[in-house]
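Residue numbering restarts at 1 for every chain, and letters A, B, ... go by the order of the sequence lines.
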Amino acid sequence: MNALIVLRPGPLTTVQDLGRRGVAHLGVPRAGALDAAAHRAANRLVGNPGEAATLETTLGGVALRALVGPLLVAVTGAPAAVTVAGQPAAWGAAVLLPAGAVLEVGPAQSGVRGYLAVRGGIAVPPVLGSRSADLLSGLGPAPLRSGDRLPVGAAPGPGPLPELVPLPAPPSELVLRLRLGPRADWFAPDVPVALAAARYRVAAASNRVALRTEGPALARSRRGELESEGMVLGAVQVPPDGQPVVFLADHPTTGGYPVLGVVPAADLDAAAQARPGTPVRFTVVRGRS
Amino acid sequence: MDDELTVRPVGDRALLLEAGSAEQVAALYARLLAERTAGRLGEVAEIVPAARTVLLDGVARPAELARAVAGWTLTAAQAVSGPLLEVPTVYDGADLAEVAALWGVGEAQAVEIHSGVEYRVAFCGFAPGFGYLTGLPERYAVPRRATPRPSVPAGAVALAGPYTGVYPRSSPGGWQLLGRTELTLWDERRDPAALLAPGVRVRFVPVGAVE
């Protein structure tokens with residue numbers, strides 16, 4: 001079987017696909033690529049289906065050697081320098097990696113998370129229907145370490161269609177739509193208006209579990225404890241300190257802080273690329289989108 | 001049991017169904033599973049019970065489903081249909097004496113009380129395969145430990161509030177430890193991965209320590 005050998009894992013590189021579904025009632029988080037659009041684009045560039053597993057890098061890139069080759073690879077998400085055998089190669093396009101050659105993805109020039117797809121997909125054994133690393137509960141493959149051998153699956157049917165992925169501009173502001181509920185009634189009546197007018201920043205403690213924000217505290221109108229209830233991707237939980245927390249892919253399946261509203265999944269790709277310090281604005285939407 | 005359900009929209013693709021009691025949640029969860037099996041629920045990716053709610057996530061047509069569910073009446077009989085799991089338990093937990101004292105009984109009687117009840121997995125959370133079991137009468141509820149332990153071994157049978165739980169793997173924990181079981185409650189490579197899935201009925205069977 002084809003394989004990639006990890007030479008430099010970077011600060012945090014994990015295997016990700018579209019995540020686990022149908023197991024939340026067992027307390028299993030969904031996991032999956034944080035920037036799902038970039039993950040799908042990388043797969044398209046090498047002719048994989050969207051559910052094939054890619055590598056998700058975090059800020060620092062990754063370096064791998066092709067054990068057998070040639071392999072067709074593509075890098076998307078956070079823009080970064082790409083080299084093959086020391087020579088500059090294209091970002092956001094399919095690139096051929098000869099047997100024995102080293103693929104190097106440099107640090108993210110903007111954004112946070114890069115996606116490296118290889119034709120055939122990263123073929124680690126699936127756990128509960130997914131190859132994703134879940135960093136909250138430790139399911140799936142551990143983050144990459146030097147010397148790891150990553151199996152590559154058999155190439156799927158037809159080859160990729162030529163495509164270019166647009167280079168994303170560094171986001172100057174993260175705008176997140178928010179649909180109120182299910183627990184908006186736990187907050188003071190003026191909170192939706194105050195939230196829309198307020199400016200937050202992405203907090204340094206953000207990770208695959210949640211995008212944490214810092215800014216004006218949101219005031220609760222109800223005291224006491226809410227009993228734990230099921231949580232969805234994009235739920236905006238407000239802990240006692242009043243700072244909104246946006247749940248991302250590795251979020252716990254249940255939680256006990258009231259959820260003011262939910263950010264639609266389409267807005268979370270940008271959240272996955274927002275560096276600490278990035279300004280955040282919430283826009284309250286009403287009615288069905 | 002015939003209180004109305006409160007249906008709260010959660011974003012564009014999910015609904016939170018709020019029931020009046022844990023018994024109603026059990027009946028609602030059983031009804032939802034039956035409706036899904038019968039193909040009458042439409043597309044729903046996740047059905048997640050909790051203490052007072054059931055979350056439906058990945059719902060293709062939430063408005064339609066919200067209308068249908070709002071008209072349901074629930075009966076307690078719907079809840080008591082899960083399979084029965086016996087959990088052989090060595091009652092030698094570090095907090096057994098403290099729990100017995102809280103209950104105002106001796107240790108042997110505490111074991112009798114705890115093993116004399118049929119439980120039901122109300123919901124999972126905290127970690128994969130960690131079930132929150134209800135069934136112990138309310139007067140036996142105990143507080144969490146003031147200081148959580150940095151490491152509780154896998155298989156520890158423990159109490160907190162009205163719930164009994166069994167740690168599926170070693171983790172930090174603040175529950176009161178009553179005993180331990182050799183059963184592997186969670187194995188992601190096994191089918192089923194979780195023995196303590198919502199709806200499963202449970203009995204703890206006292207056994208002697210295995211040397």
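Only the side chain of B:Tyr29 has a heavy atom closer than 4.5 Å to any heavy atom of chain A. Neither the backbone nor the side chain of A:Val259 has a heavy atom closer than 4.5 Å to any heavy atom of chain B. Of the atoms belonging to B:Leu16, it is side-chain heavy atoms, and not backbone ones, that fall under 4.5 Å from chain A. For A:Leu139, the part sitting under 4.5 Å from any heavy atom of chain B is the side chain, from C-beta outward, and nothing else. Within the 4.5 angstrom heavy-atom criterion, only side-chain atoms of B:Ala193, from C-beta onward, approach chain A. Only the side chain of B:Glu46 comes within contact range of chain A, with at least one heavy atom under 4.5 Å from a heavy atom of that chain. Both the backbone and the side chain of A:Ser137 come within less than 4.5 Å of a heavy atom in chain B.
In terms of heavy-atom pairs under 4.5 Å with chain B, the best-connected choice from A:Leu128, A:Val232, A:Leu233, A:Val263 is A:Val232. When the candidates B:Val54, B:Leu55, B:Val44 are compared by the number of heavy-atom contacts under 4.5 Å with chain A, B:Leu55 comes out ahead. Taking A:Pro182, A:Gly27, A:Gly138, A:Gly230 one by one and counting their heavy-atom pairs under 4.5 Å with chain B, the maximum is reached by A:Pro182.
With values rounded to the nearest 0.5 angstrom, A:Thr58 atom OG1 is found 8.0 Å from A:Arg208 atom CZ. Here B:Leu84 contributes atom CG and B:Tyr119 contributes atom OH; the two are 13.0 Å apart, rounded to the nearest 0.5 Å.
Side-chain N/O atoms of B:Ser170 and B:Ser151 include a donor and acceptor closer than 3.5 Å.
When ring centroids are compared, B:Tyr91 and B:Phe204 stay outside the 6.0 Å threshold.
In this structure the side chain of A:Leu174 never reaches within 4.5 angstrom of the side chain of A:Pro279, judged on heavy atoms.
Judged by the 6.0 Å distance and 45° axis criteria, A:Arg222 is positioned over the aromatic ring of A:Trp186. Under the 6.0 Å distance and 45° angle rule, B:Arg31 counts as a cation-pi partner of B:Trp72.
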